[in-house]
Amino acid sequence: MDKVHVLDHPLLQHKLSILRDQNTGVKDFREVVSEIATLMCYEATRDLPLQDVVVQTPIAKAVTKQISGKKLAIVPILRAGLGMVDGIHTLIPSAKVGHIGLFRDPETLEPVKYYCKMPNDISEREVIILDPMLATGGSASAAITFIKEYGVTHIKLMNILAAPEGIARVQKDHPDVDIYVAAVDEGLNDRCYIVPGLGDAGDRIFGTK
Ligand code: PRP
Ligand code: URA
């Protein structure tokens with residue numbers, strides 16, 4: 001489990017509680033998803049390499065630290081992952097964005113790819129995949145496989161809510177990938193929704209139900 005990071009900061013738990021509430025409307029849901037993404041980004045980028053730089057303060061020269069120019073890309077899994085993009089850009093405005101369109105076939109529950117567009121230099125970047133929900137893990141595992149085909153070697157997965165089944169699936173298929181989640185729930189219901197979960201994240205972000 002050392003690749004699984006459960007970020008249970010009180011602010012994250014509080015905001016997740018708002019997402020879980022079925023009475024939270026679309027506007028608030030979208031805003032809170034974005035805020036959670038910002039808070040999770042802070043933790044998920046803890047290992048970014050630093051380099052020494054010299055700056056002149058109003059008083060004296062100081063040797064300080066700055067991020068050493070490591071290139072990042074974020075890849076939201078459409079649709080629901082889009083809800084996390086602005087929150088990441090709040091902290092890393094220069095992160096390029098690739099998109100992968102996947103939906104779960106409602107019958108087979110297998111991920112179906114319908115769109116993909118990556119930055120040209122994606123193979124040189126560390127990639128953070130964004131999706132609020134990790135249920136069976138099928139979508140996340142397929143997205144990681146796909147991004148690896150571009151030659152990307154450093155991949156992190158950021159989900160707001162996970163089921164143990166989804167974590168196990170990603171760890172089995174991609175043991176090299178660090179997984180960042182705000183909570184791990186009990187499991188899945190017979191339609192492979194996370195229990196207790198928060199419902200259909202895409203529908204709640206975009207108001208489609
Ligand atoms: C949801 C969610 C994940 C996927 C998780 O997307 O945003 O992408 O399901 O399920 P899995 O772990 O079992 O693959 P959905 O297919 O509902 O598409 P949407 O984002 O367009 O609503
Ligand atoms: N996708 C969602 O949006 N919610 C779930 O609980 C499972 C998959």
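Order of listing sets the numbers, starting from 1, for every ligand and every atom in it. Not measured: the values here are computed from a predicted model.
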Open item on the list: What I'd like to find out is whether the side chain of Lys156 reaches to under 4.5 Å of the side chain of Thr45, using heavy atoms alone.
Closed with: no
Task: Residue, atom name and distance, where the atom is the protein heavy atom closest to atom 5 (C) of ligand 2 - done: Tyr193 CD2, 3.3 Å
Open item on the list: Please state which option from Gly199, Cys192, Ala163 has its nearest heavy atom closest to atom 4 (N) of ligand 2.
Closed with: Gly199
Task: Under 4.0 Å to a heavy atom of Ala201 - the qualifying atoms of ligand 2, by number - done: 2 (C), 3 (O)
TODO: Write down, by chain and number, every protein residue that brings a non-hydrogen atom to less than 4.0 Å from an atom of ligand 1.
DONE: Leu78, Arg79, Ala80, Phe103, Arg104, Asp131, Met133, Leu134, Ala135, Thr136, Gly137, Gly138, Ser139, Asp200, Gly202
- [ ] May I ask you to check whether over 12 heavy atoms, not counting those of Asp105, lie within 6.0 Å of atom CG?
- [x] yes
Task: Flag side-chain contact, heavy atom, 4.5 Å: Phe146 against Leu102 - done: no
Task: Note, Leu161 side chain near Asp185 side chain (heavy atom, < 4.5 Å) - done: yes
- [ ] If you have a sec, work out which protein heavy atom is nearest atom 6 (O) of ligand 2 and how many Å separate them, to one decimal?
- [x] Ile194 N, 2.8 Å
Task: Heavy-atom closest contact (Val181 atom, Val184 atom, distance) - done: CG2-CG2, 3.9 Å
Open item on the list: If I compare all heavy atoms of Ala201 with all of Met133, which pair ends up nearest, and what's the gap?
Closed with: CB-CG, 3.6 Å
TODO: Answer yes or no: is there an ion pair linking Asp121 with Lys71, defined by an N-O contact shorter than 4.0 Å?
DONE: yes
Task: Side-chain ion pair, Lys15 and Asp28, N-O less than 4.0 Å - done: no
TODO: Within a distance under 4.0 Å of any heavy atom of Ala135, pick out the atoms of ligand 2 and give their elements.
DONE: 7 (C), 8 (C)
